[in-house]
There are 2 protein chains.
Amino acid sequence: MSDSKAKGSKDARKVPMRDFSQSLPMALLRAREAVMRQFRPNLRAHGLTEQQWRILRALAAVDAIEVTELARVAFLLGPSLSRILRDLEARGLVQREVDARDMRRGVLSISTKGLKLIAQVAPNSEAIYATIARRYGARKLAALHKMLGELEQSIGGGGEADAGDDE
Amino acid sequence: MSDSKAKGSKDARKVPMRDFSQSLPMALLRAREAVMRQFRPNLRAHGLTEQQWRILRALAAVDAIEVTELARVAFLLGPSLSRILRDLEARGLVQREVDARDMRRGVLSISTKGLKLIAQVAPNSEAIYATIARRYGARKLAALHKMLGELEQSIGGGGEADAGDDE
DNA sequence: GGCAGTTGATTAACATGTTAAGTTTCAGGC
DNA sequence: GCCTGAAACTTAACATGTTAATCAACTGCC
């Protein structure tokens, strides 16, 4: 009941609901944004968006990978991935070929140019991450990771669920 | 179909970098998405997006609020907010007037229609949240909230200048 | 070996994220 | 009063999120 100092309103709540401060999605969004705000300038300086960077990193970790699998790993939806790949391919950062056994499937891999770009961006990125880990505490960070993973699990990170519509 | 899963991807890492599984932004994104996946259907059923819902909730908690302040509270950027308000206003869910003392400022408030919509959506939303809290554990959830807030703090999510690294 | 149904991927359409530029209104200094 | 700079939004332009529709290629079945 402590009311904050929002503009001329003391207890003017018009509906009964948890306050924003207790919104889980909001808390996750804010935390993520605070983190990303540290990385974005570095990526931007190399002409990369956050998503493009995720894709390059994912590709750098394997020899080759299919589009659908890449979407799963980089946590991007198909449509977004299609658009981004079109661009990255045009920039010569990734290469693509068609699977000989199943022509529907595209097989992707990172190019030499892409690897060089990663080599330019990674050091700074790692340094930023290290700073965050140092300030927040490495142990605490590990604990946070664990809890986030468990949250995903308990909710069912797969994707079903429907809380029903009452009416 | 006896071969391939991804040709020899085991040890094919081409660059030295943390694995995706240890990416903090990714972990936060995944967790948030898992949570939002629970809420979206309910919102969508009432013709609301996540951001529109955030705005209505924020407005319902106060008598009136300025655009800039609303952006801060609902954690939205100005441009997004402008577009969304245009729509919500057209739908009669929010009202806007101009501050008499400073004509640059817009003062917003939720309409009766908006309040009714919230009343329709909130119960289900609260129920979904309760389910998550029950499955994950109320205590653990509180701890997670706390850790997320601290992460923001330690990084400097308060909206000040950057952490200064430099080149 | 041809058709129905399915899968992998892209395209379409609309909403938001993000940064930059533009507009109107204020506040001060002259 | 006027000019300059800042503040509060809004527009603009481009990239991604999200859902639905489309398209081509594969699979199973007869």
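The shown structure was predicted, so the numbers you read here are calculated from the model rather than taken from an experiment. Below, read A as the first sequence line, B as the second, and so on, with proteins coming before strands; counting in each chain starts at 1.
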Practice item. Measure the CG-CD1 distance between A/Leu93 and A/Ile84 for me, rounded to the nearest 0.5 Å. Key: 12.5 Å

Exercise for review: Please work out if A/Glu33 contacts a base, only the sugar-phosphate, or nothing of the nucleic acid, heavy-atom cut-off 4.0 Å.
Suggested key: sugar-phosphate

Revision key, fill the gap. Separation of D/dT19 atom P from B/Glu50 atom CD, nearest Å, is 11 Å

Review point. How about A/Asn124 and A/Phe39: do any of their side-chain heavy atoms sit closer than 4.5 Å?
Key: no

Review point. What nucleotide, of D/dG17, C/dT19, C/dT11, holds the atom closest to the side chain of A/Arg40?
Key: C/dT19

Check your understanding: Should B/Ser80 be listed as having a side-chain N or O under 4.0 Å from OP1 or OP2 of C/dG17?
Key -> yes

Review point. How close or far is atom P of D/dG17 from atom CG of A/Leu29, stated in whole angstroms?
Key: 13 Å

**Study point:** Closest to the B/Ser82 side chain, choosing from D/dC9, D/dG17, D/dT18
**Key:** D/dC9

Study note, to complete from the structure: Between A/Gly78 and B/Met103, the residue closer to the 5' end of DNA chain C by nearest nucleotide is A/Gly78

Review point. Do any side-chain nitrogens or oxygens of A/Gln51 fall under 4.0 Å of OP1 or OP2 in D/dG17?
Key: yes

Point to revise | Which residues share a side chain to side chain donor-acceptor pair (under 3.5 Å) with B/Arg40, sequence neighbours left out | key: B/Glu33

Practice item. Report yes if at least one side-chain N or O of B/Arg44 is closer than 4.0 Å to OP1 or OP2 of D/dG17; otherwise report no. Key: no

Exercise for review: Using side-chain contact (heavy atoms from CB on, under 4.5 Å) as the criterion, list what pairs up with A/Arg83, not counting sequence neighbours.
Suggested key: A/Ser80, A/Arg86

Point to revise | Rounded distance in Å - CG (B/Leu108) to C1' (D/dT10) | key: 14 Å

Identify all pairs in which a protein N or O lies below 3.5 Å from an N or O of nucleotides 5-8 of chain C, and state each distance.
| unit_1 | atom_1 | unit_2 | atom_2 | d |
| --- | --- | --- | --- | --- |
| C/dT7 | O2 | A/Arg104 | NH1 | 2.6 |

Practice item. Would you indicate whether the side-chain heavy atoms of B/Gln52 and B/Val94 approach each other to under 4.5 Å? Key: no

Point to revise | Sugar-phosphate only, base, or nothing, as touched by A/Gln52 at under 4.0 Å among non-hydrogen atoms | key: sugar-phosphate

Review point. Any side-chain heavy atom of B/Gln38 sitting closer than 4.5 Å to one from B/Thr131?
Key: no

Review point. When the distance from CE of A/Met36 to C1' of D/dA15 is rounded to whole Å, what number comes out?
Key: 14 Å

Point to revise | Common cluster, A/Leu108/A/Ile55, ILVMFWY with side-chain heavy-atom separation under 4.5 Å | key: yes

**Study point:** Per A/Pro79 side chain, nearest of listed nucleotides C/dA12, D/dT10, C/dG17
**Key:** C/dA12

Revision key, fill the gap. Sorted by number, residues from residues 84-91 of chain B placing a heavy atom under 4.0 Å from DNA chain C are B/Ile84

Study note, to complete from the structure: Residue set satisfying side-chain contact (heavy atoms from CB on, under 4.5 Å) with A/Gln120, at least two apart, ordered chain then number -> A/His46, A/Leu117

Exercise for review: Please go through B/Met103's hydrophobic cluster and name the other residues, only I, L, V, M, F, W, Y counting, with side-chain heavy atoms under 4.5 Å joining them.
Suggested key: B/Val98

Check your understanding: When the distance from CG of A/Leu77 to C1' of D/dT16 is rounded to whole Å, what number comes out?
Key -> 10 Å

Exercise for review: Take atom CD of B/Glu97 and atom P of D/dC9, then tell me their distance rounded to the nearest Å.
Suggested key: 13 Å

Practice item. Find which nucleotide of DNA chain D each of A/Thr49 and A/Ala100 is nearest to by heavy atoms, and output the residue with the more 5' nucleotide. Key: A/Thr49

Practice item. Give a yes/no on whether any side-chain N or O of A/Arg83 is located under 4.0 angstrom from OP1 or OP2 of C/dA9. Key: no

**Study point:** Value in whole Å for how far the P atom of C/dT16 lies from CG of B/Leu43
**Key:** 12 Å

Check your understanding: Should A/Arg57 and B/Ser23 count as side-chain neighbours, where that means a heavy-atom distance under 4.5 Å?
Key -> yes

Check your understanding: For A/Leu81 and D/dA15, what is the distance between atoms CG and P respectively, to the nearest whole Å?
Key -> 16 Å

